[in-house]
Amino acid sequence: MEHGMSLPGDTLLEMQRRMLRIRHFDERASKMVKRGYIPGTVHTSIGQEAQVVGACMALRQGDHMTGNHRSHGHPIGMRSPLGPLMAELAGKATGVCKGKGGSLHLADYKVGSLGESGITGSSIPIALGAGLSAQVLGETRVALTFFGDGAANQGVLYESMNMASAWKLPVIFLCENNHYALSTPAHTVTGGRICDRGAGFGMPGTRVEDGQDVLAVHEVVAEAVARARAGEGPSLVEVMTYRFREHSEGLRINVDYRDADERSFWTSRDPILLFRKALIEAGKATAEQMDMIEAEILQEVEECVTFAMESPVPAREVAFADLYSDPYELEDVL
Amino acid sequence: MEHGMSLPGDTLLEMQRRMLRIRHFDERASKMVKRGYIPGTVHTSIGQEAQVVGACMALRQGDHMTGNHRSHGHPIGMRSPLGPLMAELAGKATGVCKGKGGSLHLADYKVGSLGESGITGSSIPIALGAGLSAQVLGETRVALTFFGDGAANQGVLYESMNMASAWKLPVIFLCENNHYALSTPAHTVTGGRICDRGAGFGMPGTRVEDGQDVLAVHEVVAEAVARARAGEGPSLVEVMTYRFREHSEGLRINVDYRDADERSFWTSRDPILLFRKALIEAGKATAEQMDMIEAEILQEVEECVTFAMESPVPAREVAFADLYSDPYELEDVL
Amino acid sequence: MSLMTFIGAIGAAQQEAMAADPRVILIGEDVEANVYGTTGGSKQRAEQGDFVQQFGKLRIRNTPISEEAIVGAAIGAAMTGLRPIVDLSYSSFLYMAMDQFVNQAAKNRYMFGGQSRLPVLFRSAMFYGLNTGAHHSDRPYPMFMGVPGLKVIAPASARDAKGLMRAAIDSDDPVLSFEAVPLWGQKEEVEDGEFTIPLGVARTRREGSDVTLVAVSGSVPLAMQAAEEMAGRGVSCEVIDPRTLVPLDTKAIVRSVLKTGRLVVAEPAHRTCGAAAEIAAVVADEAMHALRAPIKRVCALNMQVPFSPALEGEIYPTKEGITAAIEAVCADQLDTRNRRVG
Amino acid sequence: MSLMTFIGAIGAAQQEAMAADPRVILIGEDVEANVYGTTGGSKQRAEQGDFVQQFGKLRIRNTPISEEAIVGAAIGAAMTGLRPIVDLSYSSFLYMAMDQFVNQAAKNRYMFGGQSRLPVLFRSAMFYGLNTGAHHSDRPYPMFMGVPGLKVIAPASARDAKGLMRAAIDSDDPVLSFEAVPLWGQKEEVEDGEFTIPLGVARTRREGSDVTLVAVSGSVPLAMQAAEEMAGRGVSCEVIDPRTLVPLDTKAIVRSVLKTGRLVVAEPAHRTCGAAAEIAAVVADEAMHALRAPIKRVCALNMQVPFSPALEGEIYPTKEGITAAIEAVCADQLDTRNRRVG
Ligand SMILES: Cc1ncc(C[n+]2csc(CCOP(=O)(O)OP(=O)(O)O)c2C)c(N)n1
Ligand SMILES: Cc1ncc(C[n+]2csc(CCOP(=O)(O)OP(=O)(O)O)c2C)c(N)n1
Ligand SMILES: [Mg+2]
Ligand SMILES: [Mg+2]
């Protein structure tokens, strides 16, 4: 991790903060699902925090991001306030989407989060469009889209990569390769390596072998962002990582599709612990400071839970708002 | 062309025959459109005969093929009888699809032609399925799918390549790169090179630079077929070629999207003339023999036109047949 | 006969069809690990194991997440000798493969003058009402009803699921099966062993004389409850479950309306251009002279599906909605009865 | 006012909208070379050149053949500041992008609690009846009518095309425009310069008292001919063109049926679950008491589209089919008239 340690101390600590926010937010969300406070299910990013934060921290205010069903980490990585996110998961009126989106469909336009997607691959061309508008309007913003190794088999990804490349759009295609799509091992359904697919579409394709190292991810994504911002076109980045939990909270799969050795290898590479150690070793912070940061984050998460729990459920009329932009007659849609 | 000249003389002459069949069939079809004997429009393969025939001759009876809107060459290349093809174009009862398909939707299951497609890219996964059935049923047949440089930007191609690769299916993906999709130059809408897209999906991707050389095409495709038949999986082949005519017969495009130099460079590389010369030079046939072959083909084409012209139009009831396999009550669908 | 759940019946139909014919294969995302519950082993014959153990990985296979290629490959495989069952899991994912459904599955046989056979079944589950949000709650069957060349089934009970599923697998045409997840746990007595229920034959779930209640898929139990309730109030409902939407048993529906003179249609799809619209239009043509009241539809609102449990219930048809519609069309009836009683 | 063709009106609406607002861009396959006829120059202002010359390649661009990404990119661009017009050429190609239409365009604004604006217009042309075979003859608008969140227009005249197109471009919601190619050459007097026609307002093309004839898109001229013919036979038809299908002006239709007591609906889409089914169902609910005859639909048969000119004519609605439907619902009327005359 030496390399990225030259980043400003603030930035380094902010990375750890965001990873901790994702971890503790998701830990709490998981518990709330089990207790019935969150309806439906959630997909946690636990274990994948470095990959999310390393990428998001390479963006700046004004940039855009789209994501997928593993959906909390992305907006948290963009620094979306936790309260409305947790309230959204709980289906409350104060949710970031007024309780109408839920876990799979978080979006916080204020931080550039254009929307997570329950449909794998479906939000990829949305980021392409954000790149297109940047180019036409002459704005120097970029767009990054997160998708999994499973979603990397959706054709729309290659249509989008091709168009971004032909038009030199400022888009970063970021594949979160956590080795599985639900119960399906990536190697059984993937021809070749995902990172190698960039070249055929005229863009760099880079694999971050150690996706548990937030600085390694950040370095590669920052390069892709710089390239995009400079008008040199899109990049494909594949980050190798692992989810520590089941595909979604509460899902039980009877077949043992991930073996114990593999699991323990990866859990020994907890991105948050690794970075904590690295920061301390590099003298960027003391253990005490790190503990304090973690305590702060725990407090923040606690508050977001309280906010969510204490918020009211949406009023009935909310179900009938926001379908169209112009006021429409309710009888037309009811 | 020296290389392939070691093929049996019969095979070489059959190649030329098939190319001539395509050429003269399409020449006649073009005239018949102008005179109103063929309704709608047709897309000719004139100029691209080497690419079509070089590929089809690498297949054998029992193999499958799917194609696209540039649709006559493919079944002719598979040795589908000309009469029912021309009758189909003319919308006659004796058409290979009973007059219900038309130029865009030729299919002749007897020769393994599973169907051309008016929707670009749409018939690619059909060939994938033919590869899947071969594998499951333990048959050694292969499936080849033709698509253009334009269709190479459809996502379903990459989904299909990936699945074929992951499952090692006997499929050959053959891109007919004639440099344009309708009025759109390939280089303006294509990121990277199409042939380079094979690698990222775990399969060889080969470009035939001289797609006007039927033997060059044949050699590369034969290798891909051998690989597929041996259970080693799919291949991507990109053949560089050129259409001598407008996108479709009768279409007028006001913008001059193909410059004269480019056009004359390519028309100087007429695949049929090139191969004729090569055959004669290699002593495989005399000029007289070649003339005789061409005369035979012209005769065959003449007969197919007569057949088409003299055939009756389909009876009204034909419009209501073949929607489902089981006899259904007409009132249900009318 | 054994008591069987709806989802168990689907598994059984698949298992029997695969055992009967080696050309039947099953593909889909995560089918090997039985994530969606229809490719596991049965309790009665635990020693056989799950589908992978019974039929092997050549015939049971996990696909990449590539719906368009999955559907296309199944079509191509059907055209060349297999009889694929495709598990598309959520109905919301069908859109990814729309071109293959409409332009290939539905059109090939016709366009090619009858040269192709397309024995392929596409299963998908409608997970509505479960707080999964707008991306996982679709009930898109009406879109496919309007595509000639496709057949569409929507069973609403375990026995119907098993019999129709098998008929669909045995059909030489492409069939789409839409299964309402709220029904998965429902139980019914089902014949042991193989049997089929022909496509295109409605099931009269309850006979009645005052109003015809046509209910589709997940709306069937709601309609039955409403009918029961209305019976207590003196209104006799005939409940018809079409079971297959293409072909649609319009004769049975029209016959019933000719008897009752009234029609209410309930279904979980959005109202506009839904199956209920089609059924209403057929009846307004063929049984107009017998109609004694307006035709009422009780459908999902023309609204997207909100996530919050506080909101989602507003969208779908309810027993109360069906009851209100029956009341509206039987207003005179109810008045009369009330007067008679009073 | 100038006499303008339908296709010319579309070009004019696009040109004016692009001139008025730099955020309007136009993307699609082969739009630079004006292959589909709506991005060329106008004769009156030849010096301006075609759209590329007027607006530059940044705003007019040929796309790869990647409908799903095109539609998605347009949605994303609309969400981030542009107002794209997407030319998808043939309506038959929309299926390729179905996921983006349904799961992104229709749902985003709602799911995200109103955070997104989606000012984007998707144009496509229905080339039916032109012997292009089943892959190029679709009229799939009913599929989109059933997707809440989308708006759908289907103009049937030059003036309507221009005004509705511009209203669609100015709308902050995703709009799909379906244009019947058989109408492209039709001419009408059209205002010079910019104007809009509000979405959701039907146009009464002809007033009448005996039967309401609702006709959609390419069926409008057929309905007008049928009405003219029937007028000669003593039947007075009121012809209504809804013009926009979502929102649908049900009030105008119901009002007319309340007056005439009879309804015939004609449209070029397949019958099952079409716009005609929806309109019939609305009327069978809201105007049942006024109906004096069955509601008749005159639609494309539930059949795929054959290529041969000897066959294709069998599939679509015709003037004769509409006339026959009017005769059927006005049978008593015609009898009476005949008796009066005789
Ligand atoms: C179009 C579509 N197909 C299938 C699914 C069901 N599904 C949800 S998540 C998932 C696995 C996704 O795997 P990957 O993209 O690798 O992301 P991960 O869950 O591993 O982060 C599947 C199959 C879906 N949501 N959308
Ligand atoms: C899905 C779809 N989009 C667009 C079209 C319209 N179209 C027909 S052929 C064509 C160009 C195809 O180019 P290419 O694949 O290179 O084949 P070529 O015509 O050059 O042989 C286009 C855009 C179509 N038929 N289908
Ligand atoms: Mg994954
Ligand atoms: Mg081309």
Side-chain angles (χ1 to χ4, degrees), chain A residues 119-122 124-125 128 131-132 147 149-171 173 175 177 181 184-207 227-228 232-238, chain B residues 119-122 124-125 128 131-132 147 149-171 173 175 177 181 184-207 227-228 232-238:
Chain A
I119 306 292
T120 57
S122 187
I124 294 171
L128 178 72
L132 174 60
F147 54 90
D149 50 287
N153 295 325
Q154 292 284 22
V156 71
L157 170 61
Y158 303 98
E159 294 189 3
S160 300
M161 280 171 47
N162 180 66
M163 203 182 295
S165 178
W167 290 355
K168 281 194 180 275
L169 300 182
V171 183
F173 297 92
C175 180
N177 188 338
T184 304
H187 71 89
T188 63
V189 289
T190 312
R193 304 196 317 163
I194 294 165
C195 58
D196 291 339
R197 297 178 181 180
F201 295 88
M203 70 179 76
T206 311
R207 180 183 262 192
R227 183 179 138 83
E232 289 159 29
S235 303
L236 172 67
V237 178
E238 179 186 19
Chain B
I119 305 294
T120 57
S122 187
I124 293 170
L128 178 71
L132 174 60
F147 54 89
D149 50 286
N153 295 325
Q154 291 285 22
V156 72
L157 170 61
Y158 302 98
E159 293 189 3
S160 300
M161 281 171 46
N162 179 64
M163 204 183 294
S165 178
W167 290 354
K168 280 194 180 279
L169 300 182
V171 183
F173 297 91
C175 180
N177 188 338
T184 304
H187 72 88
T188 63
V189 289
T190 312
R193 303 195 319 162
I194 294 166
C195 57
D196 292 340
R197 297 177 182 181
F201 294 89
M203 71 179 75
T206 312
R207 180 183 263 191
R227 181 178 141 84
E232 290 161 27
S235 302
L236 172 66
V237 178
E238 179 186 20

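Quick caveat: nothing in here was measured; it's all calculated off a predicted structure. The figures here come from the full heavy-atom set of this structure, side chains too, leaving out hydrogens, waters and symmetry mates.
- In summary, the aromatic rings of F173(B) and F201(B) are positioned with their centroids too far apart to meet the 6.0 Å limit.
- Highest contact tally toward chain A, considering only E159(B), R193(B), K168(B), is held by E159(B) [criterion: heavy-atom pairs under 4.5 Å].
- Of the listed residues (D196(A), T190(A), L157(A)), the greatest number of heavy-atom pairs within a distance under 4.5 Å of chain B belongs to T190(A).
- Every residue meeting the salt bridge (Lys or Arg N to Asp or Glu O under 4.0 Å) condition with R207(A), not counting sequence neighbours, appears here in chain and number order: E209(A), E238(A).
- L169(B) has its side chain out of reach of M163(B): every pair of non-hydrogen atoms, C-beta onward, lies at least 4.5 Å apart.
- No other option in P234(B), G205(B), S165(B), G200(B) has as many heavy-atom pairs under 4.5 Å with chain A as G200(B).
- Between V171(A) and M203(A), the closest side-chain pair of non-hydrogen atoms is not below 4.5 Å.
- In terms of heavy-atom pairs under 4.5 angstrom with chain B, the leader among G191(A), G192(A), G202(A), G155(A) is G191(A).
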